[in-house]
Amino acid sequence: MKEKMIVGWRETLSLPGLGIEQINAKVDTGARTSCLHAFKVESFTKEEALWVRFWIHPLQRNNEKVTVCEAKVLDERIVRDSGGHEESRYVIQSDVSLGGQTWPIEITLTNRENMGFRMLLGRTAMHHRILVDPTKSFLIAFEESK
């Protein structure tokens with residue numbers, strides 16, 4: 001394994017498999033699983049498996065830009081948010097690109113319209129790859145996925 005990447009408490013990354021070229025994420029060591037803002041979610045069957053189609057606003061404080069994504073459902077889990085509220089969420093897998101590296105992560109889908117960030121990068125996505133400097137922001141130069 002390469003040397004661990006040092007990131008700030010917020011970073012810009014991409015989710016190329018979902019067509020999300022750029023999204024600001026809170027790097028959250030308190031969250032086990034990563035989550036992504038989805039203001040509308042529809043489930044459907046494709047290739048004899050459960051899939052979801054979901055709509056997101058990838059840019060913070062911008063409801064004009066909408067990206068529609070599709071992904072196979074890995075699981076449905078009860079997730080407790082920071083306020084202690086439980087919610088059933090779909091879990092998908094997608095590649096995340098950050099700092100010139102790309103790797104698969106699990107992501108839950110939930111409405112984060114009123115939250116500070118449209119995405120949280122949870123600690124399982126950081127495992128063996130990332131160290132967080134909580135005093136810094138945007139340490140990684142953003143490079144769009146090719």
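Along the sequence shown, the residues carry numbers beginning at 1.
Evaluation of the salt bridge (Lys or Arg N to Asp or Glu O under 4.0 Å) rule for Arg32 yields no partner, not counting sequence neighbours. Under the salt bridge (Lys or Arg N to Asp or Glu O under 4.0 Å) criterion, Asp95 pairs with no residue at all, not counting sequence neighbours. Qualifying salt bridge (Lys or Arg N to Asp or Glu O under 4.0 Å) partners for Arg80, counting only residues two or more places apart in sequence or in other chains: Glu86.
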Under the side-chain contact (heavy atoms from CB on, under 4.5 Å) rule, what do His37 and Glu113 come out as? Steps first, then yes or no, please.
CA-CA 7 Å; His37 166 65; Glu113 195 70 40; 3.1 Å; yes

Carefully, step by step, assess Ser88 and Glu76 under the rule side-chain hydrogen bond (donor to acceptor under 3.5 Å, both in side chains).
CA-CA 7 Å; Ser88 179; Glu76 195 169 344; 3.1 Å; yes

Steps toward side-chain contact (heavy atoms from CB on, under 4.5 Å) verdict (Ile23, Leu36)
CA-CA 10 Å; Ile23 190 167; Leu36 181 63; 3.7 Å; yes

Start with the C-alpha distance between His57 and Asn63, add both sets of side-chain angles, then the distance that settles side-chain contact (heavy atoms from CB on, under 4.5 Å), and finish with yes or no.
CA-CA 6 Å; His57 302 297; Asn63 290 339; 3.4 Å; yes

Given side-chain contact (heavy atoms from CB on, under 4.5 Å), test Ile105 with Gln93 step by step and report yes or no.
CA-CA 6 Å; Ile105 64 170; Gln93 184 173 354; over 6 Å; no

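The two residues Arg118 and Asn62 have their closest heavy-atom pair at NH1-O, 4.0 Å. For Arg89 against Thr110, the heavy-atom pair with the smallest separation is NE-CB, 3.6 Å. In terms of heavy-atom proximity, Leu109 sits nearest to Ala38 at CB-CB, 4.2 Å.
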Listing, residues 40-54 side-chain donor-acceptor contacts under 3.5 Å, not counting sequence neighbours, or none:
unit_1	atom_1	unit_2	atom_2	d
Trp51	NE1	Lys46	O	3.3
Arg53	NE	Glu70	OE2	2.9
Arg53	NH2	Glu70	OE2	2.9

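Contact annotation: the side chain of Leu13 never approaches that of Ser97 to less than 4.5 Å [non-hydrogen atoms, C-beta and beyond]. The side-chain heavy atoms of Gln101 and Arg129, taken from C-beta on, include a pair separated by under 4.5 Å. Counting only heavy atoms from C-beta outward, the side chains of Val27 and Arg10 never approach each other to under 4.5 Å. At a threshold of 4.5 Å between non-hydrogen side-chain atoms, the residues Ile92 and Asp75 do not count as touching.
Of the inter-residue distances, the one linking Met126 atom CE with Trp103 atom CH2 reads 9.5 Å to the nearest 0.5 angstrom.
Cluster partners of Leu139 are Ile6, Leu131, counting Ile, Leu, Val, Met, Phe, Trp and Tyr whose side-chain heavy atoms approach within less than 4.5 Å, directly or via other members. If you chain together ILVMFWY residues whose side-chain heavy atoms come under 4.5 Å of each other, Val66 ends up grouped with Phe39, Trp55, Val68.
Formation of a donor-acceptor pair under 3.5 Å by the Arg123 side chain with backbone atoms of Thr29 is found in this model. A distance-only check finds no donor-acceptor pair linking the side chain of Glu106 to the backbone of Thr33 [under 3.5 Å]. No donor-acceptor pair under 3.5 Å is formed between the side chain of Thr12 and the backbone N or O of Asn24.
By the rule that hydrophobic residues join a cluster once side-chain heavy atoms approach within less than 4.5 Å of another member, Leu121 and Leu18 end up as members of one cluster.
For Glu87 and Arg77, the salt-bridge test fails: no basic side-chain N is under 4.0 Å from an acidic carboxylate O.
Summarising the local packing, CE of Met115 is surrounded by 12 or fewer heavy atoms from other residues, nucleotides or ligands at distances under 6.0 Å.
Proximity of the aromatic rings of Phe117 and Trp9 is defined here by a centroid distance below 6.0 angstrom, and this criterion is met.
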